[in-house]
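The first residue of the sequence shown is numbered 1, and numbering continues consecutively from there.
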Amino acid sequence: MTKMVSATNRPNVFILSDSSETNPYKKRNKKSRWTICLIVIFTFAAGLMMGHESSGASPYVDNMLKKVNGYGESINSNNEVVTFEKEESVDFTSEEYMKNRYENFNSLFKTWFEGNSTNKLVENADEKGPIIDFAVVGYASSTNSVVSNLASIAAMPVGDTCTPPSQTVFYAYKLWPEKWGEEKLLKGTSCGATMGSGNASPLKNWSVLLPRTKLIIGIAHPVNWFKSLWDQVSRTAQIDKMTANKDPYGLTNLCVGNNCRNSCQAAQLFCVHRARFHVGLAKMGKTPLSDSERELLAAKDEDGGSNIVSDEIQNDIFLYDETELTSDYAWEELADFLGVGEIPHKIDHLIRIQKRADLNNVVTLDFCEEKYNNLRAMLMSYSYELGEWLEKYFLPVANDVSRPDVRVAHPKEFENVIKSYKSDPCGTLVRDKHGNFVLK
């Protein structure tokens, strides 16, 4: 069953009245597994001595903390010592490893897939080492630009390939190398629709089947993001299927149910509610999802707040804002995240892309016009929450050296960027004491 919720009937959408440094990641402390484990054990012991209770984090977040690099001794959420089997050290980014898995696909696939076909991966298929090294999974409109640069080091198409993990593995080993370069041993893919804020997230399949695949996620200021996608789609025939009379207000209804696409109507490639990046990110389960945190996760939406269920994503993630792509540090840190020397990239090209997305660069509609104030007010409601959630809940995890599963390029620069999410890019709307965005 699909349920549509009108923007005017949703309590968190406010219809306006007529009134008026050095990078701390660059030399990130890569502590040994045992050192981190000892720290965790010491902290636990100190807590017992002081009579403290557990932190209250979810069991999944506790598991991510104890996991670190997956091996050694640690403490679980029940205060029990858990011993992990330590495996032989393998450099999964080495040419030897990547060349071996490619050349021996015909024998290795029997351990990766069920039966004698490549139709279905077994759970945790990459337990012995990565099979797909990375996946670009959303949300930014500049995803293709990221993929075009990554395609210089990985045999992959420039553009989305939104296929199930099993099929993607087959493509990456049997089809793409011949077409995109057998000398490129890194395996990657891209599908901007993988990240979702709705009930059904394709991302969970990746976590269950290929938890070693590293996920790359791009975000942007929701108003700029909406405008950029509008400019792209409104000049195609698809726009007539999305909204009547090419009216952006036709993209303001929340869709809840099986026949929805990322909280939008099935025919809509995007909508206002797709901009709830914080909801999709929170569903990954990388943060505790406390009651206070849920208040910032579209709490008044039917599928937000207390109704959010963690997908417990095991994969490491790298989060960036698309404006960071115009700086070398973002590419250097992404290369470090992937374990490669460098990622060739063209800054000038990326700057031109960024300028095309600016609100003052009117391509189709001028979203700063007065008649679009209400539309921006809806987007700004989510944008403000997004900035607050990232600053209070996500960034502290990314800054935690014991959480290598969560990464941003440059914490201080990222913090500066996300603060801008709390302001209207057009400069005409402000947030009042009731949390509403109204005219200055």
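Of the possible donor and acceptor atoms, one in the side chain of Glu324 sits under 3.5 Å from a partner among the backbone N and O of Asp321. With hydrogens and angles disregarded, no donor-acceptor distance shorter than 3.5 Å links the side chain of Glu391 to the backbone of Ile418. Between the Asn262 side chain and the Arg274 main chain, no donor and acceptor come within less than 3.5 Å of each other. For Lys286 (side chain) and Phe394 (main-chain N/O), no donor-acceptor pair under 3.5 Å exists by modelled atom type.
Of all non-hydrogen atoms in Asn124 and Pro211, the two that sit nearest each other are OD1-CG, 3.2 Å. Of all the heavy atoms in Gln268 and Leu251, the pair that sits closest is NE2-CD2, 3.4 Å. Shortest non-hydrogen contact noted between Val146 and Trp331 is CA-CH2, 4.0 Å. For the residue pair Pro222 and Ser383, the shortest heavy atom distance occurs at CD-OG, 3.2 Å. Counting all heavy atoms, side chain and backbone alike, Ile132 lies closest to Ala172 at CD1-CB, 3.7 Å. Residue Pro157 comes nearest to Val147 through the heavy atom pair O-CG1, 3.5 Å, listed as atom of the first residue, atom of the second, then distance.
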Check your understanding: Should Leu254 and Arg276 be marked as a side chain to side chain contact (heavy atoms under 4.5 Å, CB included) after you check the CA-CA gap, both sets of side-chain angles, and the distance that decides it?
Key -> CA-CA 11 Å; Leu254 174 65; Arg276 302 180 303 173; 3.9 Å; yes
For Val223 and Met380, run side chain to side chain contact (heavy atoms under 4.5 Å, CB included): C-alpha distance rounded to whole Å, both residues' side-chain angles, the deciding distance at 0.1 Å, then the answer.
CA-CA 7 Å; Val223 175; Met380 281 306 305; 3.9 Å; yes
Practice item. Begin with the C-alpha distance, continue with both residues' side-chain angles, and end with the deciding distance and a verdict on salt bridge (charged side-chain N to carboxylate O under 4.0 Å, His left out) for Lys227 and Asp231. Key: CA-CA 6 Å; Lys227 185 263 184 186; Asp231 285 344; 2.9 Å; yes
Exercise for review: Output, in order, the C-alpha distance, side-chain angles, deciding distance and verdict of salt bridge (charged side-chain N to carboxylate O under 4.0 Å, His left out) for Arg407 and Glu333.
Suggested key: CA-CA 9 Å; Arg407 184 90 173 258; Glu333 295 304 320; 2.9 Å; yes
Practice item. Give the C-alpha distance, both sets of side-chain angles, the deciding distance and a yes or no for side chain to side chain contact (heavy atoms under 4.5 Å, CB included) between Leu390 and Ile219. Key: CA-CA 11 Å; Leu390 287 169; Ile219 58 175; 3.8 Å; yes
Show your reasoning for whether side chain to side chain contact (heavy atoms under 4.5 Å, CB included) applies to Phe270 and Gln232. CA-CA 11 Å; Phe270 69 98; Gln232 294 176 38; over 6 Å; no
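Between Asn374 and Tyr249, some side-chain heavy-atom pair lies under the 4.5 Å cut-off. In this structure the side chain of Ser327 never reaches within 4.5 angstrom of the side chain of Glu332, judged on heavy atoms. The shortest side-chain heavy-atom distance between Leu210 and Val169 falls under the 4.5 Å cut-off. In this structure, Asn315 and Arg212 have side chains that are not in contact, with every pair of non-hydrogen atoms separated by 4.5 Å or more. Proximity of Asp405 to Ile317: side-chain heavy atoms (C-beta onward) are nowhere separated by under 4.5 Å. Contact check for Trp230 versus Ile239: side-chain heavy atoms found under the 4.5 Å cut-off. Between Lys246 and Ser234 there is no side-chain heavy-atom pair separated by less than 4.5 Å. Counting only heavy atoms from C-beta outward, the side chains of His345 and Asp328 approach each other to under 4.5 Å.
Annotation: cation-pi geometry not satisfied between Lys214 and Phe318 (NZ/CZ under 6.0 angstrom from ring centroid, within 45° of ring axis).
Side-chain contact of His273 with Tyr382: a donor-acceptor pair under 3.5 Å is present, judged by distance alone. A donor atom on one side chain and an acceptor atom on the other are not found under 3.5 Å apart for Tyr393 and Ser290.
A salt bridge is absent between Lys440 and Asp424: the closest approach of a Lys/Arg side-chain nitrogen to an acidic carboxylate oxygen does not fall below 4.0 angstrom.
Between Phe226 and Phe367, the ring planes lie perpendicular to each other; the angle is over 60°, past the 30° to 60° tilted range. Classified by interplanar angle (parallel below 30°, tilted 30° to 60°, perpendicular above 60°), the ring pair Tyr329/His410 is perpendicular. Relative orientation of the Tyr421 and His221 rings is perpendicular, given thresholds of 30° and 60° on the angle between their planes.
Remark: Glu369 CD to Arg376 CZ distance equals 10.0 Å, nearest 0.5 Å. The CG atom of Asp366 sits 7.0 Å away from the SG atom of Cys426 when rounded to the nearest 0.5 Å. Separating the CG atom in Asn205 from the OG1 atom in Thr168 is a distance of 10.5 Å, to the nearest 0.5 Å.
Screening Leu215, Val406, Ile216, Ile217 for a side-chain contact (heavy atoms from CB on, under 4.5 Å) with Leu319, the sole residue that qualifies is Ile217.
Residue-environment remark: NZ (Lys120) stays at or below the threshold of 12 foreign heavy atoms within 6.0 Å. Asn245 CG: 12 or fewer foreign heavy atoms inside a 6.0 Å radius.
On the SG-SG cut-off of under 2.5 Å, Cys255 and Cys271 do not qualify.
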